Amino acid sequence: MPLNRGLGIVYIAAATVICGISIGLRLSVPIEVAHYVDNGLTLPIFRYGLLFALIACGVVLSGERRPIALISHLAVLVTAVCFGLQKVEAIVVTYQPLLQLIIGYPVVTMAMGMTTGCALLVPPRIRIWLFPIVAAYCGLGLGVFVVLESPLDTYYGWFSLAGGIGGVAVVIASIAVTDGARRVFTKSSFAVTERILGSWLVAASLLLAALTIALQRPLDSEQLPAAGPNNVDVSQRP
Amino acid sequence: MKSTDDRNIGYGAVCLKVLIASMALCLTPMPALAHLQDGALGGFQSGFTHPIVGFDHLLAMLAVGIWGAQMGGRSVWTLPVTFPLIMAAGGIVGISGFALPHVELGIALSVIVLGLAIAFAWKAQEWTALLLIATFAVFHGYAHGIELPQAVDPASYSIGFVVATGVIHVVGIGIGSLLARPWEGQLSRCLGGLIAVSGLYFAAGPMFS
C-alpha cells in the first residue's frame with residue numbers, strides 16, 4: 001500500500017489534540033475533581049460493549065482513505081458526542097419510558113454494535129456511504145452512554161466530559177492501528193478479519209437483544225432520577 | 001539479494017505486528033476481581049473461556065476455520081462469518097427456553113463431520129457448506145443460550161463467548177492457511193482426521209449415557 005502522508009498527518013494531529021486536551025484537563029482541574037476525570041477517561045476501556053463498538057467504529061472509519069473526508073467524519077463524531085452529552089440527556093430524562101428502557105437494558109451499546117457490525121459486513125463500495133452515519137450514531141451513543149454512567153453528584157459534568165474524550169481517543173487509536181494493520185496484512189486477509197469482526201458484533205447484539213427481551217428486568221421507577229418539578233410527590237408535603 | 005530498504009520494511013512489518021498484538025492485549029479490559037467472576041457463569045472472562053475450555057466447541061470452531069481456508073475463495077470468510085450469526089440464532093432459541101433434543105450429540109456430530117470434511121479435503125459447494133455449518137451452529141449456540149440467563153452478567157458473558165468464537169475461527173483460518181502448502185496439504189488433512197476421531201470420543205458420551 002502506498003504511503004499516504006495526508007492520513008499520517010491527520011492521525012498525528014488527532015492524537016496530539018486528544019492527548020493535549022486530556023492532559024490539560026487532568027492538570028487544570030482541582031484535586032477533588034481529579035479522580036472523576038481519571039475514571040471518565042478510562043470508562044470506555046472498562047465497558048466491554050462500548051469498547052468493542054468504539055473499536056469497530058474505528059475499523060469502519062479507517063476505510064476512508066481521503067484525509068479531508070476522514071477529518072469531516074471525526075468532526076461528525078465529536079459533534080455527535082457533544083450533542084449526546086449536552087442535549088440528549090435532557091430529552092431522555094424528560095421521557096421517562098425512554099429513560100427506563102435505556103437504563104434498564106444495554107440498548108445503546110446493542111444498537112452501536114449492530115450498526116458497526118452491519119457496516120463491516122456490507123461490501124466496501126457500500127460501506128463508503130455509511131461512514132458519516134456510523135460516526136454520528138457511535139458519537140451519539142457514546143455521549144448518551146457516558147451521561148447515563150455519570151455519578152449523580154456535583155462533578156458529573158467533569159466525568160461526562162472526560163468519558164467523551166476517552167471514547168473519541170479509543171476511536172482515533174482504533175483508526176490508526178487498523179490503518180497500520182492494513183499496510184501489514186494482505187488486502188484479502190484483512191477483508192476476512194473485518195467481516196469476522198462484523199459478524200461478532202451482529203451476533204453479540206442479537207444475543208443482547210434476545211437477553212433484553214427474555215430477562216425483562218427494568219429498574220424500579222424509584223431508582224430513576226426525577227424528570228422535573230412535575231414529578232414531585234405533593235402528598236409528602238407538610 | 002534483498003536491499004537494506006527491503007530488510008527495513010520487513011523488520012518494520014514485524015515490529016508493527018508485535019505492536020498491534022500488544023495494543024490489542026492492552027485494550028483487553030481486566031475485570032474487577034471483587035466481582036463474582038470465578039463461577040462457571042460469570043461475566044466476560046467466563047464467556048470468553050467457555051468455548052476455549054470446552055474442547056468440543058473448540059475443535060468444531062477450529063474446524064470451521066480450517067475447512068474454510070482449505071476450500072479457499074469466498075469460503076475463507078463466508079463460513080466463519082455464518083457460524084457466529086447462526087450461533088446467535090441458536091442462542092436465542094436456547095434463551096427462549098425451547099427444548100432442542102440431542103444437543104450434545106449434535107455438537108459431537110459437528111466435530112466428526114467437519115473433521116472428516118477436512119480429512120477428505122471436501123470441496124463442497126458453497127451453499128452446501130453453509131447449510132452444514134448453519135445446522136451445526138444452531139446446536140453450539142443453543143448450548144450457550146440455555147446457560148446465558150443464569151450468568152452473573154449475561155451481556156458480558158455473551159460478548160465474551162462470541163468474541164472467543166471469532167478468535168478461534170481466525171486461529172483456524174491461520175492454521176488452515178499455514179498447513180495448506182507443506183506436503184500438499186497433507187498436514188491439514190491429518191489434523192482433520194484427528195478432529196474427527198476426537199468427535200467420536202465426544203459422541204460416545206451422549207450415546208452410551
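Since the structure is predicted, the reported quantities are computational estimates derived from the model, not experimental observations.
- In terms of heavy-atom pairs under 4.5 angstrom with chain B, the leader among A:A204, A:G113, A:G198 is A:A204.
- For chain A, no part of B:V93 is nearby; none of its heavy atoms comes within less than 4.5 Å.
- Your options are A:A210, A:A191, A:S205, A:S199, and the one with the most heavy-atom pairs under 4.5 Å with chain B is A:S199.
- Remark: side-chain polar atoms of B:S198 are paired, donor with acceptor, to backbone N or O of B:L194 under 3.5 angstrom.
- Looking at A:R127 and A:E64, no side-chain N of the basic residue comes within less than 4.0 Å of a carboxylate O on the acidic one, giving no salt bridge.
- In summary, the side chains of B:H50 and B:H57 do not present any donor paired with an acceptor at a separation below 3.5 Å, with no hydrogens or angles considered.
- Only the side chain of B:F161 comes within less than 4.5 Å of a heavy atom of chain A; its backbone N, CA, C and O stay farther away.
- For B:F83 and B:H140, the ring centers sit closer than 6.0 Å to each other.
- Counting heavy-atom pairs closer than 4.5 Å to chain A, the top-ranked of the candidates B:A88, B:S96, B:G91, B:S177 is B:A88.
- Using a 4.5 Å cut-off between heavy atoms, B:I86 does not touch chain A at all.
- Of the two parts of A:L197, neither the backbone nor the side chain holds a non-hydrogen atom closer than 4.5 Å to a non-hydrogen atom of chain B.
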I'd like to know whether B:H144 forms a ring-ring contact (aromatic ring centres under 6.0 Å, His included) with B:Y157, so could you lay out the CA-CA distance, the side-chain angles of the two residues, the decisive distance to 0.1 Å, and finally the verdict.
CA-CA 10 Å; B:H144 288 108; B:Y157 182 88; 7.3 Å; no

In residues 54-63 of chain A, what donor-acceptor pairs under 3.5 Å come from side-chain atoms, sequence neighbours left out?
{"from": "A:S62", "atom 1": "OG", "to": "A:V59", "atom 2": "O", "distance (Å)": "2.7"}
{"from": "A:S62", "atom 1": "OG", "to": "A:R182", "atom 2": "NH2", "distance (Å)": "2.9"}

